[in-house]
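The next block holds one structure in the form of structure tokens; read it before the comments.
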Amino acid sequence: MVRKKILVTGGAGFVGSHLCERLLNEGNEVYCLDNFFTGQKENVVHLLENPFFELIRHDVTSPFFIETDEIYNLACPASPVHYQYNPIKTMKTSVMGAVNMLGLAKRVGAKILQASTSEVYGDPLVHPQKETYWGHVNPIGDRACYDEGKRSAETLFVNYHKQNNVNIKIIRIFNTYGPKMHPNDGRVVSNFIVQALQNHDITVYGKGNQTRSFQYVDDLVEGMIRLMNSRDGFTGPVNVGNPNEFTILELAQKVIELTGSKSKIIYKPLPSDDPMQRQPDISLAKKELDWSPKVQLEEGLIKTIDFFKKIV
Ligand code: NAD
Ligand code: UDP
């Protein structure tokens, strides 16, 4: 068996830690790089005894060199609360991180996958969102450091491919949840579950009629690996998400029902530029990757609730 050497930036985060585990289980050698801003050692501590796993503390805004066959570039805070904490750093992470990792890929001839996002569509005027839609993003709003950072990263990826023939893959990830989200992550699924398990008020922002389409983390990891292994010449961008769309109020009610919580729903102001609707068109992922999500919301929420029961 050929053991591939794989670098995962942001590997100690929520998605990255699931990805590292899966790649190790498939017999690869995995280098997990992280600056531990939103990720934690706890997420990967159980992998440390595996001799084919290495944990590296490093910030992607500085160059990094390693011999590697593949790079999954995930380093970037993903929760609005955390990416807006230091917006300049967030943008540097996306842009300088992309330059540094693309430079590495070019130098060692590695294939490189960028974890992009449905946020490139902004507050979309087209519904559901197809990869051909250019988006509706406020370049000076509170979410711009993340949205425009990720859009710039896509531009860098495409141009390293065109100009330097770097083998790139771009995945546009829609809202993903599951075990190992940080309890203080600030994203909606973890917030609602933690609140419900503690019988605290459930904080719905706005009227709760905005929608999201929630994907379970195992489905995402499957999509990422399929994209990395997709045919030569297929670069994406490709949407990977679960098209089942729910309002935030429906999500709150579902979480209360599944936890048997006594929590009440309360309403808080809607953050600025919060997208009103979001649903992936996944026909490209079906065609090119033979991928579609397997875990529906209730099943995924039950697994996630079980995880949070152990830690809160
Ligand atoms: P996360 O915050 O749990 O993980 C991000 C990881 O990157 C953390 O471990 C963090 O410490 C690390 N990191 C941040 N800045 C860094 C830097 N400068 N150098 C090195 N490491 C750094 O978030 P996640 O949900 O696991 O998201 C992973 C990736 O997927 C992100 O790029 C995110 O934008 C993308 N994504 C996630 C979702 C989702 O719903 N989870 C949706 C769209 C896109
Ligand atoms: N949200 C909410 N209560 C919370 C956290 C989030 O109502 O405690 C809403 C938020 O305003 C947004 C949706 O849930 O409309 C998804 O938010 P999240 O931060 O998870 O992701 P994103 O907005 O980036 O999709």
Side-chain angles (χ1 to χ4, degrees), residues 8-20 32-41 43-44 56-62 64 72-84 86 89-94 96-98 100-101 113-120 123 143 146-147 149-150 153 171-178 180-182 185-195 201-217 220-221 224 239-241 246-249 251-252 255 265-278 280:
V8 178
T9 78
F14 158 52
V15 175
S17 56
H18 285 272
L19 180 64
C20 286
C32 168
L33 180 157
D34 210 293
N35 72 347
F36 304 110
F37 173 46
T38 51
Q40 349 173 50
K41 280 192 185 156
N43 285 341
V44 289
I56 305 153
R57 180 187 286 269
H58 182 81
D59 192 305
V60 290
T61 56
S62 298
F64 180 74
Y72 288 83
N73 188 36
L74 275 64
C76 185
S79 160
V81 182
H82 295 299
Y83 70 63
Q84 289 172 28
N86 184 343
K89 177 69 194 228
T90 299
M91 190 127 190
K92 281 187 182 172
T93 294
S94 273
M96 293 164 71
N100 288 326
M101 290 306 128
L113 179 147
Q114 168 66 359
S116 191
T117 167
S118 53
E119 285 287 314
V120 299
D123 191 2
R143 296 173 83 101
Y146 183 75
D147 300 9
K150 290 283 187 179
I171 185 169
R172 288 186 181 155
I173 303 168
F174 283 65
N175 294 66
T176 305
Y177 68 96
K180 294 191 187 172
M181 291 186 94
H182 195 282
D185 179 83
R187 279 176 281 185
V188 68
V189 175
S190 45
N191 269 11
F192 285 2
I193 293 177
V194 171
Q195 289 163 345
D201 292 339
I202 306 266
T203 54
V204 167
Y205 302 160
K207 295 193 181 105
N209 57 351
Q210 69 273 36
T211 68
R212 294 293 186 274
S213 305
F214 297 102
Q215 155 174 252
Y216 189 66
V217 63
L220 168 60
V221 167
M224 293 177 105
N239 291 338
V240 170
F246 298 86
T247 67
I248 295 306
L249 197 54
L251 177 73
V255 169
I265 291 172
I266 59 162
Y267 295 88
K268 297 240 176 175
L270 188 68
S272 63
D273 293 342
D274 200 289
M276 272 314 291
Q277 53 180 1
R278 199 181 275 159

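Ligands are counted one by one from 1 in listed order, and the atoms in each one are counted from 1 as well. All residue numbers in this chain count up from 1 along the given sequence.
Distances from atom 9 (C) of ligand 2 to the heavy atoms of Gln277, Gln210, His82, Arg212 show the closest one on Gln210. Between atom 12 (C) of ligand 2 and the options Asp274, Ile265, Ile202, the minimum heavy-atom separation is to Asp274.
Side-chain atoms of Thr211 come within 3.5 Å of backbone atoms of Arg278 as a donor-acceptor pair (strictly under, hydrogens ignored). Under a 3.5 Å cut-off, the side chain of Thr9 and the backbone N or O of Leu74 do form a donor-acceptor pair. Under the 3.5 Å distance criterion, the side-chain polar atoms of Asp34 are matched with a main-chain donor or acceptor of Phe36.
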Contact table ligand 1 N or O to protein N or O, d under 3.5 Å:
unit_1, atom_1, unit_2, atom_2, d
ligand 1, 2 (O), Thr38, OG1, 2.6
ligand 1, 3 (O), Phe14, N, 2.9
ligand 1, 7 (O), Cys76, N, 3.4
ligand 1, 9 (O), Gly13, N, 3.0
ligand 1, 9 (O), Asp34, OD1, 3.1
ligand 1, 9 (O), Asp34, OD2, 2.5
ligand 1, 9 (O), Gly39, N, 3.2
ligand 1, 11 (O), Asp34, OD1, 2.6
ligand 1, 11 (O), Asn35, OD1, 3.4
ligand 1, 11 (O), Phe37, N, 2.9
ligand 1, 11 (O), Thr38, N, 3.0
ligand 1, 11 (O), Gly39, N, 3.0
ligand 1, 13 (N), Asn35, OD1, 3.3
ligand 1, 18 (N), Asp59, OD1, 2.9
ligand 1, 18 (N), Thr93, OG1, 3.1
ligand 1, 19 (N), Val60, N, 3.0
ligand 1, 21 (N), Asn35, N, 3.3
ligand 1, 21 (N), Asn35, OD1, 3.3
ligand 1, 25 (O), Arg187, NH1, 2.9
ligand 1, 25 (O), Arg187, NH2, 3.0
ligand 1, 26 (O), Phe14, N, 3.3
ligand 1, 26 (O), Val15, N, 2.8
ligand 1, 32 (O), Leu74, O, 2.8
ligand 1, 32 (O), Lys150, NZ, 2.8
ligand 1, 34 (O), Tyr146, OH, 2.6
ligand 1, 34 (O), Lys150, NZ, 2.9
ligand 1, 40 (O), Thr176, N, 2.8
ligand 1, 41 (N), Arg187, NH1, 2.9

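Between Lys180 and Asp185, none of the side-chain N atoms (NZ, or NE/NH1/NH2) sits under 4.0 Å from a carboxylate O, so this pair counts as no salt bridge. Residues Lys89 and Asp59 are paired through a salt bridge, judged by an N-O separation under 4.0 Å between the basic side chain and the carboxylate. Checked for salt-bridge contact, Glu119 and Lys150 miss the test: no charged N lies under 4.0 Å from a carboxylate O.
Taking every heavy atom of both residues into account, Thr203 and Gln195 meet most closely at OG1-NE2, 2.9 Å.
Nearest protein heavy-atom neighbour of atom 20 (O) of ligand 2: Val188 N, 2.8 Å. Of all protein heavy atoms, the one closest to atom 21 (O) of ligand 2 is Asn175 ND2, 3.5 Å. Ranking protein heavy atoms by distance to atom 3 (N) of ligand 2, first place goes to Thr203 O, 2.6 Å. The nearest protein atom to atom 5 (C) of ligand 2, hydrogens excluded, is given as Tyr205 CE1, 3.3 Å; this is a heavy-atom distance. At the top of the distance list for atom 24 (O) of ligand 2, counting protein heavy atoms only, stands Arg143 NH2, 2.8 Å. At the top of the distance list for atom 13 (C) of ligand 2, counting protein heavy atoms only, stands Ile248 CD1, 3.6 Å.
When heavy-atom distances to ligand 2 are checked against a 4.0 Å cut-off, Val81 has no atom that comes that close, whether in backbone or side chain.
Polar contact check, Arg187 against ligand 2: no nitrogen or oxygen pair lies under 3.5 Å apart. Distances between N or O atoms of Asn191 and those of ligand 2 include at least one value under 3.5 Å.
Rounded to the nearest 0.5 angstrom, Thr61 OG1 and Asn100 CG are separated by 7.5 Å. A distance of 8.0 Å separates CD of Gln210 from OG1 of Thr247, quoted to the nearest 0.5 Å.
Using bins of under 30°, 30° to 60° and over 60° for the plane-to-plane angle, the ring pair Phe214/Tyr177 lands in the perpendicular bin.
Those atoms of ligand 2 that come under 4.0 Å of a heavy atom in Glu119, given as number and element, are 24 (O). Per-residue contacts place Val204 under 4.0 angstrom from the following atoms of ligand 2 (heavy atoms of the residue considered): 7 (O). Below 4.0 Å from some heavy atom of Arg278 lie the following atoms of ligand 2, by number and element: 22 (P), 25 (O). Interface atoms of ligand 2 facing Pro80, defined by a heavy-atom separation under 4.0 Å, are 19 (O), 24 (O).
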